[in-house]
Amino acid sequence: MMPSFAYERPRSLEELGKLLENLEAGSFLFSAGATDVISGLKSHPQSYPKTLISLTALSELKGVRLLEKNRLSIGALTKLSEIAENALILKQAAVVAQTAAKIASPQIRNRATIAGNILVNNRCSYFNQSRHNRLVHQFCFKAGGDICHLIPAAREGHSPLCRARFVSDLAPVLLLLRATLQLWGPDGYRKISLEDFYTPDGIRRNNLKSGEIITAIETDLSCAKNVTYEKLRIRNTLDFPSVGVAVMLNVTESMELAVCYTGVNTHPVLIKLSDDRKNGKAMIQAACDQAKKSAQPLRQDHFPPSYRKEMIAVLIHQNLQKLGWKND
Amino acid sequence: MKVITLKVNGHCFVKAVCPSMTLLEFLREELHLTGTKRGCDVGDCGCCTVLLDGKPILSCLLPVIEAEGCEVVTIEGISECRLHPVQEAMVEQGAIQCGFCTPAMVLNGVHLLGTHPRPTVDQVKECVSGTLCRCTGYTKIETAFLEAAKKMEHGDNP
Ligand SMILES: Cc1cc2nc3c(=O)[nH]c(=O)nc-3n(C[C@H](O)[C@H](O)[C@H](O)COP(=O)(O)OP(=O)(O)OC[C@H]3O[C@@H](n4cnc5c(N)ncnc54)[C@H](O)[C@@H]3O)c2cc1C
Ligand code: SF4
């Protein structure tokens, strides 16, 4: 059994606020579906919190609704299986439902939440190992030690210190839907755009402050029908994306192309291009070039780094085909 | 320790549990319901599948305390006295070899046929996609689910 921790399940944000007043930063951990939290705690016994705070009773974090100005709000606690079947999401932003349906396995999707997915811990073949393996090898930076097994030259001050890769499938899609996160914390509510949320640091990962939680994710629906997502993985189930690519193509008076890829760098990488002359071919080539230039795949996956890098362009083209783009 | 109330296979339990105990540990070690298997213990193999409020979930990734007030069904609870049509079909089709994934597969099948009485082959494949079977190659399990659907359509209900 895992070592013990205290457990709290506040019933309102007010109750959560009171609870946090008495807890030290770093001594507690939030959980929603607990799928990432519990698998992480099992392999990283050194990362035990003193208190696990379950967010599952917070009704403020539930529900899917249409907002004004063509925006959709998805409650942080919405489960991936609910997203995959939600009539409103299927109608307004089918790509979100389709992407959710391809994450992990049916059993995991019945517990895993949307907020948990965009906050899922970064992965590395040296970090995501069994407890036994971890106890034999020296702890790496991400596990609280002072070495990086992947880049042995990395030292304190090396930027980023840890290169564990970002793996959420939903994040790139939500980024192309110009998502904003609604946050609540001991200092009150604030909003942050998903574009400003992630950091290139494989340990810290994002700009969530201590005690802060996501209450909802708001997306812009104006271009939702022009977004698709494709991912590369060995099996068509369970495997995290070796590379995942979302593409948005919008052709009006001008042409707008946006690409966001996951599974490679320490954070999702967003590339935005627009062209008044609608030179599609050149834009697509530019997007592929920028993706290739920015991608820094490492030996953290079954597929070799060079292959994963090449596959980004392939997945960009697969997405464009789905979006009806014809090369000449 | 926290005291929780939950229903397992139709029986109500009130128990003091440690917050770090998973539902899987609770079922196997507290209730001695060892039909639910402990495989990888981190969500990769699906062998610890149980039904929580009717839906398949992984009991190894769920603190039992989160199941407070819920209804759990394990392989021991899917039918009384006789085999469930899904189990019967699994036996008839040779869909069981070492048997380690079988409880999870059966529960996935029971859920599938409860929600989709006439599943398509794709729905069956999707249904088994979260549980690893290293013996059968899945084909016989898929056939068994389709056969079980026919049995249940003809009124053979658990
Ligand atoms: C076997 C396996 C395969 C997987 N495959 C994939 C895959 O193919 N693609 C993919 O994208 N993901 C995959 N995942 C990851 C999965 O999507 C996540 O585990 C899941 O979405 C996490 O959601 P959760 O609600 O269980 O989060 P939890 O485990 O409860 O939490 C995850 C993190 O988010 C924090 N958190 C959760 N909710 C909030 C909130 N509202 N506010 C602030 N912090 C919060 C927690 O503190 C924790 O740090 C896989 C996981 C497993 C176990
Ligand atoms: S990249 Fe990060 S997780 Fe991987 S070995 Fe280095 S410090 Fe550890």
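Throughout, a chain's letter reflects where its sequence line sits, starting with A, and its residues are numbered from 1.
Counting heavy-atom pairs closer than 4.5 Å to chain A, the top residue among Gly43(B), Pro56(B), Cys18(B) is Pro56(B). Note: Ser39(A) leads Ser105(A), Ala34(A), Ser39(A) in heavy-atom pairs under 4.5 Å with chain B.
A cation-pi contact, defined as under 6.0 Å to the ring centre and within 45° of the axis, links Arg123(A) to Phe240(A).
Using a 4.5 Å cut-off between heavy atoms, Lys2(B) touches chain A through its side chain atoms alone. Heavy atoms closer than 4.5 Å to chain A are found in the side chain of Asn108(B), but not in its backbone. If you measure heavy-atom distances from Ser54(A) to chain B, the contacts under 4.5 Å come from both the backbone and the side chain. There is no contact between Cys40(B) and chain A, counting heavy-atom distances below 4.5 Å. With a threshold of 4.5 angstrom between heavy atoms, Glu126(B) approaches chain A through its backbone and through its side chain. Looking at Thr49(B), only its side chain comes within 4.5 Å of chain A, counting heavy atoms on both sides.
In this structure, Phe13(B) and Phe26(B) have perpendicular ring planes: the angle between them is above 60°, well past the 30° mark.
A salt bridge does not link Glu147(B) with Lys151(B): none of the charged nitrogens is closer than 4.0 Å to a carboxylate oxygen. At a threshold of 4.0 Å, the pair Asp169(A)-Lys102(A) does not count as salt-bridged, since none of the basic side-chain nitrogens sits closer than that to a carboxylate oxygen. Using a cut-off of 4.0 Å between Lys/Arg side-chain N and Asp/Glu carboxylate O, Asp41(B) and Arg38(B) are scored as salt-bridged.
Taking the ring centroids of His149(A) and Phe127(A), they lie at or beyond the 6.0 Å cut-off.
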